[in-house]
Amino acid sequence: MYRTHTCGDLRKSDAGRQVVLSGWVQRSRDFGGMTFVDLRDRYGITQLVFNMETDPGLCEKARKLGREFVIRASGRVTERSSKNPRILTGDIEILVEDMEVLNASRVPPFTIEENTDGGDDLRMKYRYLDIRRPPVKDHLILRHRMAQEVRKYLDGQGFIEIETPVLIKSTPEGARDFVVPSRMNRGEFYALPQSPQTFKQLLMVAGMDKYFQIVKCFRDEDLRADRQPEFTQIDCEMSFVEREDVLNTFEGLAGHLFQAILGIQVPAPFPRLSYQETMEKYGTDKPDLRFGMEIHDLSVVARGKGFQVIDGAEYSGGICAPGAAGYSRKLLDELTEFVKRPQIGGRGLIWVKFETDGNIRSSVDKFYTAEDLRKWGECCGARSGDLLLVMSGETQATRYALGELRLEMGDRLSLRDKNRFIPLWVVDFPLLEWDEETGRFYAMHHPFTSPRLEDIDLFESDPAKVRANAYDLVINGVEIGGGSIRIHDERLQKTMFKNLGFSEEAAREQFGFLMQAFRYGAPPHGGIAFGFDRWVALFGGSESIRDFIAFPKNTAGRDVMINTPAPLPGEQLKELGIRVIK
RNA sequence: GGUGGCGUAGUUCAGUUGGUUAGAAUGCCGGCCUGUCACGCCGGAGGUCGCGAGUUCGAGUCUCGUCGUCACCGCCA
């Protein structure tokens, strides 16, 4: 027998018991006459004691143990004379009577501890060692618990978990596909799904009514801290629903997860912001509502005083940083540098200090009187002691830059508390997005998203103005999920394809199966998909999803542990009928 | 596709204006130690300064290229 208990089990009440434990040697402390060994497994750490007086041979053996050796030890549980309150098993130790090395270990390349000394690339190369560390292990356990709660909740709501194929068909819209060659159909390729979108709609046509799946999705696009080439979605679809039905159902899911995982009660319904409104107030479609500091339009109030930067700009806007009027020249310069970074794209930054003694000082005193600036302050809700930060330029770009500045100020003023969660729905996205390069419209969400029916006439006059019946769930500035009410009508779907520049043939070629299905009584339906990795990372207090995935890929899409992607042997290529060009 | 950061001992990092023998901590190895739990003390080993060119009397340090890695922009329906 390898073990009677785990390394996290034993307590004071177990004193006197004869036990067998197996695990890894975390560390040993050798005193010559006696040796302590910390034995670790997934459940905890238990101290083993070896004594030279009791059994010199065994004690010598224990002194030779190295880090990460796998051993089995049997002995008697005893209460410690000096306890360790920092671990759960700290009241007891095992007086070892027999010990066996099950497997020796080379010295690991980094320390397997709460805070490792290993860098990212090493940790990835030896991921199986990294996962032994409590933080990574706990992230994976958190992920497991969330997945179980999702299943529990959705099952309780009558959702059926159904698997959809992984070898599917490449589609031209959207992200690049990963493709898989077919040996039996030479010259033809499968694609891995970017999401099970069309299949879940077909399941609605099939009458399954409520579907969900925790499923891998694949997108061959450049990566980020919160993007992996393969990632996991909680994919859901429902029949006979309107937007509010979907939002209510999944507010329920979110509320359940907050409660079950974090023990937090989140008030429902979540706030709903239109895309238009969030772009105006926060400069982004995924606002962080943990703090105010909204963007205010100063275009009108600031114009006409001879300051070319503002007078010549399409748009001027400002944010009011509470209590920051004391910012030094150096800090203001830092902020100016921040907005001028190419990623932010600002040309410069105007500041106005509403000092606590009532004075108003600004970087544009030459052009504006105190009275002028007081009006700016009124527009932005500035109070005594606040700092107003103003930028000018093209509307969209300036709002974006102000949005980024807002987040920066939120960080600097410690307004983004990791332990607070403010979810909201962003609704009424534009249905279509104009692409300058190709000179045509693309679906902002996907081509099956229903327009808001009252906007349908705009298809003819001003397609860019058509609003989608789509929604995103945003928590603390992170896009956690999104979905829409779908088109279930063949004719409307055709109109949509037409506006996207699909020829009738192309549409039939790509999505004919869906159009065909719609002819056989497609119910009104809609759904949503959540970025599971992001949601877990958010609950785990991290911006990077990498440490919530057991075996993630690096920013170049490589797995440095198994070293892939890799070339294929010529034989294999030949069998697939593929020649690699350089 | 683009911008930027980083690359020095097993690991994490320091390394001045370009200057003689490249340091620290930790880990590792050896010794001592009977109540530690980041044990302590003593000693030791350990380096192609990512790689390749160039500038220079002289390059870890400067320049260019290249590779790796991270962050961001584009991209991600």
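The chains referred to below are lettered A, B, ... by the order of the sequence lines, with proteins before strands, and numbering in each begins at 1.
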Original post:
Are the ring of A/F31 and the base ring of B/U34 both nearer than 5.5 Å at their centres and tilted by less than 30°?
Top reply: no
Subject >> Residue A/E221, side-chain heavy atoms: nucleotide from B/C70, B/C76, B/U11 that is nearest >> reply: B/C76
**OP:** Counting heavy atoms from C-beta on, name the nucleotide in B/C70, B/G10, B/G27 closest to the side chain of A/R67.
**Re:** B/G27
Subject >> Candidates B/C37, B/U11, B/G27 - which lies nearest the side chain of A/V107 >> reply: B/G27
**OP:** Give A/E53 one of three labels, base, sugar-phosphate or nothing, depending on what nucleic acid heavy atoms sit under 4.0 Å from its own.
**Re:** base
**OP:** Could you tell me whether A/K83 contacts a base, only the sugar-phosphate backbone, or nothing, with contacts defined as non-hydrogen atoms closer than 4.0 Å?
**Re:** base
Original post:
Can you find a donor-acceptor pair, distance only, under 3.5 Å between A/E93 side chain and B/G35 base?
Top reply: yes
Original post:
Using atom P of each nucleotide, how far apart are B/C29 and B/G4 to the nearest Å?
Top reply: 44 Å
Original post:
Given the rule in the side chain to side chain donor-acceptor pair (under 3.5 Å) test, do A/Q213 and A/T164 qualify, once you have shown the distances and angles that lead to the verdict?
Top reply: CA-CA 9 Å; A/Q213 187 180 190; A/T164 51; 3.0 Å; yes
**OP:** Starting from the C-alpha separation in whole Å, work towards a yes-or-no answer on side chain to side chain donor-acceptor pair (under 3.5 Å) for A/R558 and A/N563.
**Re:** CA-CA 7 Å; A/R558 299 200 67 86; A/N563 192 25; 3.1 Å; yes
**OP:** Mind calculating the distance between CZ (A/F178) and C1' (B/C76) to the nearest angstrom?
**Re:** 12 Å
Original post:
What does A/G119 touch in the nucleic acid at a heavy-atom separation under 4.0 angstrom: a base, only the sugar-phosphate, or nothing?
Top reply: sugar-phosphate
Subject >> Length of the CD1-P vector between A/I344 and B/G2, whole Å >> reply: 21 Å
Original post:
With a 3.5 Å cut-off and just heavy-atom distances, do the side chain of A/R80 and the base of B/C37 make a donor-acceptor pair?
Top reply: yes
**OP:** Please work out if A/T449 contacts a base, only the sugar-phosphate, or nothing of the nucleic acid, heavy-atom cut-off 4.0 Å.
**Re:** nothing
Original post:
On RNA chain B, nearest-nucleotide positions of A/S82 versus A/T111: which is more 5'?
Top reply: A/T111
Original post:
For atom CD of A/Q276, is the number of surrounding heavy atoms from other residues, nucleotides or ligands below 6.0 Å larger than 12?
Top reply: no
Original post:
What about A/D120, does its side chain sit under 3.5 Å from the base of B/U69 through a donor-acceptor pair?
Top reply: no
Original post:
What is the distance, rounded to the nearest whole Å, between atom CD of A/E113 and atom C1' of B/A25?
Top reply: 14 Å
**OP:** Between B/U21 and B/G58, how far apart are the P atoms? Round to whole Å, please.
**Re:** 15 Å
**OP:** Examine B/C70: is either OP1 or OP2 under 4.0 Å from a nitrogen or oxygen in the side chain of A/R546? Give yes or no.
**Re:** yes
**OP:** Give A/V49 one of three labels, base, sugar-phosphate or nothing, depending on what nucleic acid heavy atoms sit under 4.0 Å from its own.
**Re:** nothing
Original post:
Are A/R219 and A/F231 in a cation-pi setup, meaning NZ or CZ lies under 6.0 angstrom from the ring centre and within 45 degrees of the ring axis?
Top reply: no
Original post:
B/C39 C1' sits how many Å from A/R29 CZ, rounded?
Top reply: 7 Å
Original post:
Base, sugar-phosphate, or nothing: which does A/I45 touch, judged by heavy atoms less than 4.0 Å apart?
Top reply: nothing
Subject >> Rounded interatomic separation in angstrom, taking CG from A/D117 and C1' from B/A25 >> reply: 11 Å
Original post:
Quick one: does A/R224 reach the base of B/G74 with a side-chain donor-acceptor pair under 3.5 Å?
Top reply: yes
Original post:
When all nucleic acid strands are considered with a 4.0 Å heavy-atom cut-off, which category describes A/D220: base, sugar-phosphate, or nothing?
Top reply: nothing
Original post:
NA contact type, A/N554, heavy-atom cut-off 4.0 Å: base, sugar-phosphate, or nothing?
Top reply: sugar-phosphate
**OP:** Report the residue (A/L95 or A/D222) whose heavy-atom-nearest nucleotide on RNA chain B is the more 5′ of the two.
**Re:** A/L95
Original post:
Between the base of B/C76 and the side chain of A/R227, is there any donor-acceptor pair under 3.5 Å?
Top reply: yes
Original post:
Between A/L407 (CG) and B/C72 (P), how many Å, whole number?
Top reply: 13 Å
Original post:
For A/F518 and A/F511, what are the C-alpha separation, side-chain angles and deciding distance, and is it a side chain to side chain contact (heavy atoms under 4.5 Å, CB included)?
Top reply: CA-CA 11 Å; A/F518 281 0; A/F511 302 110; over 6 Å; no
Original post:
Under 4.0 angstrom, heavy atoms only, what part of the nucleic acid is A/G32 near: base, sugar-phosphate, or nothing?
Top reply: base
Original post:
Counting N and O atoms only, with roles assigned by atom type, does the side chain of A/T398 sit under 3.5 Å from a partner on the main chain of A/E394, one being a donor and the other an acceptor?
Top reply: yes
Subject >> Nucleotide B/G74, atom P - distance to CG of A/D435 in whole Å >> reply: 13 Å
Original post:
Relative to A/Y442, does A/R440 satisfy both conditions: NZ or CZ under 6.0 angstrom from the six-membered ring centre, and within 45 degrees of the ring's axis?
Top reply: yes
**OP:** Calculate the interatomic distance between A/M34 atom CE and B/C32 atom P; express it in whole Å.
**Re:** 18 Å
